[in-house]
Amino acid sequence: MVRTYPYSCLFMWMRALIGFLVALIIFGKSQGFRSTLNASCCLSAKTLVSGVSPKIIPKNMAFIIGAQKSGTTFLFDELLNRHPDIRGQQYVKNGKERTVKEPQFFSFPVVRHEQFAEYLQLYSRSGDPQDESLTFVDASPNYIYYPPAACGVAAVFPNARIIAVLRDPVQRAFSHWNMGRIRSIRNSDAEERSRQDDASLDEESATRGFDDMVDRELQFMRSRNCSYEASRLPASVPRPSAEGTALISVNKWELGQNATLSNVASFPSWNECYPCMFHCGFFHHLSSAGDFFNSSQQVQDPPCMSHRAPSILRRGLYAYQLKWWLQHFKPEQFLVISHNRMYEDPDEVLEQVMDFLGLDPKKKRLKRKATKNSGWSLPKPENFKEKYHAVFSELYRYYEHPNKELYGLLASLPLGHAWGNPFPDRFQY
Ligand SMILES: Nc1ncnc2c1ncn2[C@@H]1O[C@H](COP(=O)(O)OS(=O)(=O)O)[C@@H](OP(=O)(O)O)[C@H]1O
């Protein structure tokens, strides 16, 4: 038998249905950012958080996301020194308590909740995660560069404080190359060392000099239309393909309302340019981040490998990396610090960071004279000023446009206040 409804009843139902749909749209709008994130992003909050006791998830997390070689070690060490409510991951080695600066947990898209539990447990060794006066810090300077990190952190710590220290990208690139060079010297055995030219050593490509590394990476970026040079990327240049994997799409955060980003439309986003870092072939087969380092898969996917190494120039393209992070967090969650300012006036910058983190001012430890050169400060090769003079000049020209984009981005956001002067326009020896 077919039931019929009087019009008034039908009207009520329709009203209820419309009300329900409106509520759904409103709710969806407020949640849309996050649900899109979970659906299409590298790391789902549900996967991670399920199976982990909420009691071990810190109430306050802060992330020093980079950039690599920008004084992040100094910043992390000094924060721990200057405020008792700052905590890092803690573990015991050879009977001694140690603090981990760089957990690097969110750099990898393949992580399981067991590993997340382990990540959290190391924090809970240094304090009660539920204690709201404490701030737990993860200072992994490669987070700014790896797209999965932004969505991973947002998925589990949506209220996190994000700190970025940015250094002149040319000096940063050189410091990075120099670190690889020195590591390579330390790692290679004596016989190997005697055969190699000291200045040409590098961890990723053991015999390359700085100029060679720069050339190689520039060519790679240009071949993909992902060098972010204004002269090379007119609006008509086709956007890079997704390399067989789904492009990551997230709704834009409210950034657009205030920001006046000059040419968002003509440049591919950071994750469009390097989508491989999300779903890279070698990541598919691995069950843990640890496996990555040991796996032979690393060499089985050459196109993806070139996304990872070498990357001394790409790591200095801060504007595009920050725009990606800004799609996951509100602008007021960020503090961007100029490396130069931190070097010139470490006390003032550290005060600013502690205030940003909302730490109890009464508990600040007595101001101590900061050691200017703590962290990694490595000997530079002889004759590097003469040897690399031309390439330094070329790089200052190269970064002119990306830096301009960065300054525009910072000026248009409420985080601009922590920023100092623009980067120097020549190499400071
Ligand atoms: N106070 C202060 N202010 C600014 N810069 C400083 C400071 N202390 C150390 N440094 C320099 O920072 C460089 C190391 O950076 P990181 O600690 O971020 O390196 S790492 O990514 O963790 O390897 C490294 O740069 P280079 O010496 O050019 O390699 C350090 O000398």
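The figures here come from the full heavy-atom set of this structure, side chains too, leaving out hydrogens, waters and symmetry mates. Whatever order the structure lists them in is the order used to number ligands and atoms, beginning at 1. Heads up: numbering here begins at 1 and tracks the sequence.
- Between Y388 and W177, the distance separating the two ring centers is shorter than 6.0 angstrom.
- Checked against the 6.0 Å centroid criterion, the rings of Y146 and F106 do not qualify as a close aromatic pair.
- Here K380 has side-chain heavy atoms under 4.0 Å from ligand 1, and that is the only part of it that gets that close.
- For ligand 1, the atoms lying closer than 4.0 Å to a non-hydrogen atom of Q68 are 21 (O).
- Rounded to the nearest 0.5 angstrom, Y145 OH and S311 OG are separated by 3.5 Å.
- Note on K364 versus E351: salt bridge recorded, some NZ/NE/NH1/NH2 to OD/OE distance being below 4.0 Å.
- Ring-centre distance between F384 and F210: not below the 6.0 Å cut-off.
- Within the 4.0 Å heavy-atom criterion, the part of E102 lying near ligand 1 is the side chain and not the backbone.
- Of the N or O atoms in F74, none lie within a sub-3.5 Å distance of an N or O in ligand 1.
- Of all the atoms in ligand 1, the ones that sit under 4.0 Å from a non-hydrogen atom of S175 are 25 (O), 26 (P), 28 (O), 29 (O).
- The salt bridge (charged side-chain N to carboxylate O under 4.0 Å, His left out) pairs that include a residue from residues 126-154 number zero, where partners must be two or more places apart or lie in different chains.
- Every atom of ligand 1 is numbered from 1 in the order shown, and the set under 4.0 Å from a heavy atom of K101 is 22 (O).
- Ligand 1 lies less than 4.0 angstrom from a heavy atom belonging to R167.
- Of all atoms in ligand 1, listed by their number and element, those nearer than 4.0 Å to a heavy atom of P141 are 21 (O).
- In this structure, of A139, G71, A67, the residue bringing a heavy atom nearest to atom 6 (C) of ligand 1 is G71.
- Between F174 and F427, a ring centre-to-centre spacing shorter than 6.0 Å is recorded.
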